[in-house]
Number of protein chains: 2
Amino acid sequence: MFDAAIPPASARERIAARGGRVTRTRLVVLELLQCSEHPLSHDEIGDALAAAGVAHDRVTLYRTLDWLVEQGLARRIAGGERAWRFEAVRDAAHRHAHFHCDRCGQVVCLEGLEPAPATGLPSGFHVDRAELVLHGSCAACGLGSEAGRVR
Amino acid sequence: MFDAAIPPASARERIAARGGRVTRTRLVVLELLQCSEHPLSHDEIGDALAAAGVAHDRVTLYRTLDWLVEQGLARRIAGGERAWRFEAVRDAAHRHAHFHCDRCGQVVCLEGLEPAPATGLPSGFHVDRAELVLHGSCAACGLGSEAGRVR
DNA sequence: GCACCAAATGCTACAATGTTGCAAGACGAC
DNA sequence: GTCGTCTTGCAACATTGTAGCATTTGGTGC
Ligand SMILES: [Mn+2]
Ligand SMILES: [Mn+2]
Ligand SMILES: [Zn+2]
Ligand SMILES: [Zn+2]
């Protein structure tokens with residue numbers, strides 16, 4: 001679960017600094033996101049909480065994730081499926097694209113790839129942010145048969 | 001509903017050419033997509049069918065849209081919300097980006113903006129297609145208050 | 001025009017994902 | 001330790017999409 005790539009860099013302070021109460025769920029979820037290399041779905045996070053022995057309610061987790069996003073501590077990513085994925089915000093200024101494997105559903109961050117700036121859009125339109133998602137097959141899934149394809 | 005921009009360019013033949021049966025629903029839905037300037041949601045299409053006096057079932061509409069996508073006559077777009085949007089495929093080779101208004105939820109096609117080709121992604125990864133969605137506020141919604149913001 | 005049959009539809013039930021309202025519990029200031 | 005407010009848990013609901021199956025219908029051959 002905790003991919004142990006990046007050290008948990010005080011999630012506790014980051015939560016408290018926003019004026020939020022440091023609850024077990026917020027703490028564990030934020031640490032989990034900070035340590036994960038991939039954006040995680042609500043479900044994956046729920047499973048990790050269960051595995052870590054942290055009791056929780058589905059709704060509480062939704063609200064926890066909403067709160068982290070509101071506070072700028074996490075980001076919501078659209079993925080190719082119907083569920084959101086979440087990742088910790090490491091650098092608020094730096095955005096990156098994502099790759100969605102249409103075979104296994106895995107989403108990976110493309111740190112090197114920044115969505116190109118908008119050009120030539122109709123006047124009166126104002127762009128806040130760009131979301132770039134590449135679709136295809138990941139290294140693990142290869143180019144093999146179409147079987148098992150995710151919608 | 002029918003924005004009357006592009007003439008209905010025989011939807012009937014396009015359907016028959018794929019070996020599909022020309023049913024009232026397929027015909028009206030494809031014509032609707034071909035005439036619309038914006039990608040439409042399932043709901044919007046359903047409303048248009050009702051307005052046109054075409055009886056239909058929710059499930060039939062889902063299946064009709066799936067069929068049109070399978071046949072390459074329509075494309076499914078992720079939008080920023082949880083429901084797919086659909087647009088007629090005019091030129092299979094030409095892809096374009098979309099703009100999603102976070103205020104009103106409207107999606108508009110950015111014909112001039114093609115997602116940049118993928119570079120520097122991990123080896124073993126294969127890209128089928130790129131989806132680029134710009135988020136912000138449209139001309140109609142302006143830059144005003146945050147009130148009424150769509151998630 | 002008519003019979004036939006695979007393809008398409010309508011219906012019901014279900015699955016997945018997310019939201020709302022409200023009472024009970026817990027964080028943390030004092 | 002008390003207390004007020006923020007957070008949680010629970011139940012009910014909303015939205016979006018699927019699956020199974022009996023019925024209807026478009027198109028083909030006559
Ligand atoms: Mn990422
Ligand atoms: Mn478009
Ligand atoms: Zn994969
Ligand atoms: Zn708008």
Side-chain angles (χ1 to χ4, degrees), chain A residues 11-30 39-47 49-50 52-71 73-74 76-86 105 107 149-151, chain B residues 11-30 39-47 49-50 52-71 73-74 76-86 100 105 107 148-151:
Chain A
R12 177 178 291 276
E13 279 96 335
R14 297 229 284 157
I15 292 168
R18 306 289 167 151
R21 289 183 182 171
V22 180
T23 68
R24 185 125 178 69
T25 303
R26 282 183 185 167
L27 203 50
V28 175
V29 169
L30 183 51
L40 300 174
S41 66
H42 172 101
D43 243 23
E44 290 167 333
I45 297 169
D47 289 351
L49 285 188
V54 179
H56 67 287
D57 175 73
R58 244 166 44 84
V59 178
T60 299
L61 181 48
Y62 279 117
R63 291 198 271 229
T64 297
L65 290 166
D66 285 349
W67 187 85
L68 291 173
V69 170
E70 272 168 29
Q71 300 303 316
L73 297 177
R76 201 193 305 269
I77 289 155
E81 288 142 335
R82 310 191 37 257
W84 298 110
R85 285 173 178 269
F86 298 86
V107 173
R149 195 167 197 110
V150 164
R151 176 193 339 273
Chain B
R12 176 177 293 277
E13 278 97 334
R14 297 230 281 158
I15 292 168
R18 307 289 168 149
R21 288 183 181 172
V22 180
T23 67
R24 187 125 177 71
T25 303
R26 282 182 184 168
L27 203 50
V28 176
V29 169
L30 183 51
L40 299 174
S41 66
H42 172 102
D43 243 24
E44 290 167 333
I45 296 169
D47 289 351
L49 284 188
V54 179
H56 67 288
D57 173 73
R58 243 165 46 85
V59 178
T60 299
L61 181 47
Y62 278 116
R63 292 199 271 230
T64 297
L65 290 167
D66 284 349
W67 186 85
L68 291 172
V69 170
E70 271 168 29
Q71 300 304 314
L73 298 176
R76 201 193 304 270
I77 290 155
E81 288 141 334
R82 307 191 38 254
W84 298 110
R85 285 173 176 268
F86 298 86
H100 176 102
V107 173
R149 195 168 197 112
V150 164
R151 176 193 340 273

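Every chain is numbered from 1, with letters handed out A, B, ... down the list of sequences. Every heavy atom of this structure was used, including side-chain atoms; hydrogens, water molecules and symmetry mates were not.
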Nearest to the side chain of [X] - [options]?
X	options	result
B:V59	D:dT16, D:dT8, C:dC11	C:dC11
B:T60	D:dT8, C:dG10, D:dT18	C:dG10
B:R63	D:dG26, D:dG20, D:dT18	D:dG20

Should the heavy atoms of other residues, nucleotides or ligands under 6.0 Å from CZ of A:R24 be counted, would the total exceed 12?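 Result for CZ/A:R24: open.
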
5'-most contact on DNA chain C: B:H56 or B:R21, nearest heavy atom basis?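 Final value for this comparison: B:R21.
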
OP1 or OP2 of [N] sitting under 4.0 Å from any side-chain N/O of [X]?
X	N	answer
B:T23	C:dT9	yes
A:R26	D:dT7	yes
B:W84	D:dG17	yes

What I want to check is whether an N or O donor and acceptor connect the side chain of B:R58 with the base of D:dG17 at under 3.5 Å.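 It does, because a donor-acceptor pair links the side chain of B:R58 to the base of D:dG17 below 3.5 Å.
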
Are the side chains of B:R85 and B:R76 in touch, meaning some heavy atoms are under 4.5 Å apart?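 With C-beta onward as the side chain, the pair stays apart.
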
Residue pair A:L65 / A:W84, side-chain heavy-atom distance below 4.5 Å: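 A:L65 does not reach A:W84 side chain to side chain.
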
Rounded to the nearest angstrom, tell me the gap between atom [atom1] in [X] and atom [atom2] in [N].
X	N	atom1	atom2	answer
B:L65	D:dT18	CG	C1'	14 Å
A:E81	D:dT16	CD	P	18 Å
A:R82	C:dA15	CZ	P	14 Å
A:Y62	D:dC10	OH	C1'	15 Å
A:R12	C:dC27	CZ	P	10 Å
A:R85	C:dG18	CZ	P	11 Å
A:W67	D:dT8	CH2	P	10 Å
B:E70	C:dA8	CD	P	10 Å

Considering heavy-atom distances to DNA chain D, does B:A16 or B:D43 have its closest nucleotide positioned more toward the 5' end?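 Result of the comparison: B:D43.
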
Closest-nucleotide ordering on DNA chain D, the 5'-leading residue of A:G20 and B:V22: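 Its nucleotide being nearer the 5' end, the pick is A:G20.
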
Single hit among B:T60, B:L61, B:T23 for side chain to side chain contact (heavy atoms under 4.5 Å, CB included) with B:V29: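 That would be B:L61; it is the only one of B:T60, B:L61, B:T23 passing the side chain to side chain contact (heavy atoms under 4.5 Å, CB included) with B:V29.
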
How long is the straight-line distance from CG of A:L27 back to OG1 of A:T64, given to the nearest 0.5 Å?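 Reported value, rounded in 0.5 Å steps: 11.0 Å.
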
